[in-house]
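Below: one structure, written as C-alpha cells.
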Amino acid sequence: MHKYVAIVCVGVCYLVGFAAPSCAETESDLLNVVIDADRANEKELGAVAVQLRWTILPDESAKKLPDKVVSEFGNGGRIEFEIAKERSSRTLPLLLDVGFFECIRRDAKGELAELSRLEKGRWTEFQPASNRLVLLSPHQLAHVGPTDPRQLATDRQGQYLTDVLTSEKVAKAERFDDEAFGPNSIRVRLRNGSIFEFASNSRFLPVHRRTINNQGDQIDDLRISYQPSGRGKSLLLKSATTNHTPRAAKPSELDILFRGKHVLSVDEFELLTSDELEQRKFVLPTGLLNRDLSRERD
C-alpha cells in the first residue's frame, strides 16, 4: 500500500526524528515522511495480541435515540449499532500483524458473538447466530469507525493513511515546531477540513486530528498517545480520545450515536512470533453460508 520514494533529505529528517530539514521539501515529500513512518512502525511492531479497552461517555442527546440504529451500506448489507446511553466500557481482544487484524467479541456468557477479520485486503464478518460468513472489501465499511490501534487517525475500519492522505485530498502540508510534539513535526490539511499533526518525537505517527466544517466550527477532535512496544523502536497505542460534536442543523442518528467522548486505550499487550499468531487465529467452522460482497459494486 505504501511506496518508499522519499528523497534523501527527507530520509535524513525521518531517521534523525527532529533534525532540521537539510533541503527544500515539497508537500509530496512531507506526505512520504508520514506515510513511510506509518508503514515502518507497523512492520517493526509485527505480530501482537492486544486488549483494547473502549470507553464511551455519550452525549445527553443519545438518550433520545432508540436502543439500536441500523445502517445500510449497499448490496443489501446492514450494520446494526447498539446505542450507549450511559457511560460504558468493554474490552476487545485483538490480534495484529502487518496487513492483518482480528477482533473477537463475546457475549455475557463468554460465547463467541462476532468475529471481524481483515486479511489479504478483504474484511470477514462471522456471526454464529446466523451461521453466515460475509466477505467485504474495506471500502464497504464506510460507517464503521476504526478500532485498529495502529490506524485510529483514519476514517473507517480497514483504512490506511495512504487512503486518507492522497495528493488530490491534501490542501497543504508543512513543518511546524511544538513543545509537546517536538521540532519539525508535520501538519497536513485536507480539502475536507480535516487537519492531521504528526509528532517528530513519536516517530512521525499521528498524534492529533481535528475537523473544521465550512462555518469554521470544530466538529471532532482526536488526540493519540503512544507507548514503547518493546520490539525495536516501534510504538503501540497508549490511548486515543475522540470528542465528536456534529453541528448539523438536523444531525443523523449516526451523528448522534458517535456524539460525545470515546476513549480507546491499550493497557495489556503481548508480542508474538508469526507461529504464535497463527496458532491464536480463530478457526472458522466448516459448512458456513458464505456471502461474498467484496467483488460487487456498491
Side-chain angles (χ1 to χ4, degrees), residues 1-45 145-146 148-156 159-227 233-247:
M1 291 185 182
H2 307 309
K3 296 182 179 180
Y4 293 84
V5 295
I7 60 176
V8 173
C9 70
V10 177
V12 171
C13 296
Y14 168 70
L15 291 175
V16 175
F18 50 82
S22 57
C23 56
E25 297 172 303
T26 66
E27 291 185 349
S28 178
D29 296 332
L30 295 180
L31 293 181
N32 283 336
V33 171
V34 298
I35 289 172
D36 289 353
D38 174 69
R39 175 54 69 189
N41 190 73
E42 179 178 319
K43 183 177 181 180
E44 187 171 14
L45 176 63
D148 186 335
R150 302 164 299 180
Q151 299 295 335
L152 294 180
T154 59
D155 296 318
R156 54 170 170 75
Q159 198 173 43
Y160 284 83
L161 275 177
T162 43
D163 303 315
V164 179
L165 303 181
T166 58
S167 57
E168 63 270 16
K169 296 179 182 178
V170 172
K172 186 177 182 180
E174 60 187 349
R175 294 273 184 178
F176 73 101
D177 296 334
D178 185 270
E179 184 176 346
F181 300 161
N184 293 309
S185 294
I186 295 176
R187 180 182 293 118
V188 178
R189 302 174 185 269
L190 301 188
R191 300 184 191 280
N192 67 1
S194 293
I195 303 170
F196 294 79
E197 292 176 331
F198 303 85
S200 61
N201 60 15
S202 293
R203 303 194 78 194
F204 288 101
L205 296 178
V207 291
H208 190 201
R209 174 180 175 170
R210 61 190 189 276
T211 301
I212 311 298
N213 64 16
N214 293 333
Q215 289 72 45
D217 298 319
Q218 181 170 291
I219 58 176
D220 63 50
D221 182 273
L222 167 67
R223 295 181 182 271
I224 305 174
S225 63
Y226 299 92
Q227 59 186 316
K233 295 182 179 180
S234 65
L235 301 177
L236 182 62
L237 174 75
K238 182 177 181 180
S239 68
T241 301
T242 301
N243 284 287
H244 185 57
T245 54
R247 300 295 183 91

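Basis for what follows: all heavy atoms, side chains included, without hydrogens, waters or symmetry-related copies. Nothing here was measured: the structure is a model prediction, and the numbers come from that model.
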Nearest non-hydrogen partners of Ser185 and Ala199, listed with the distance: OG-CA, 3.6 Å
Close side-chain approach of Asn41 and Tyr226, heavy atoms under 4.5 Å: no
Closest heavy-atom pair and its distance - Glu27, Ala173: OE2-N, 3.4 Å
Spacing of CG belonging to Leu222 relative to OG1 belonging to Thr241, to within rounding of 0.5 Å: 8.0 Å
Non-neighbouring partners of Ser239 that pass side-chain contact (heavy atoms from CB on, under 4.5 Å), sequence neighbours left out: Ser225, Ser265
Considering all heavy atoms, the nearest Arg209-Ala153 contact: NH1-O, 2.6 Å
CD on Gln159 to CG on Asp148, rounded to 0.5 Å: 11.5 Å
For Phe181 against Phe176, the heavy-atom pair lying closest together: CD1-CZ, 3.8 Å
Separation between CZ of Arg187 and CD of Glu197, rounded to the nearest 0.5 Å: 4.5 Å
Closest heavy-atom pair and its distance - Leu237, Leu152: CD2-CD1, 3.6 Å
Euclidean distance, Asp155 CG relative to Leu190 CG, rounded to 0.5 Å: 8.5 Å
Spacing of CG belonging to Asp163 relative to CD1 belonging to Ile35, to within rounding of 0.5 Å: 9.5 Å
Spacing of Thr162 atom OG1 and Leu31 atom CG [to the nearest 0.5 Å]: 11.0 Å
Side chains of Phe196 and Val34 in contact at under 4.5 Å (non-hydrogen atoms): no
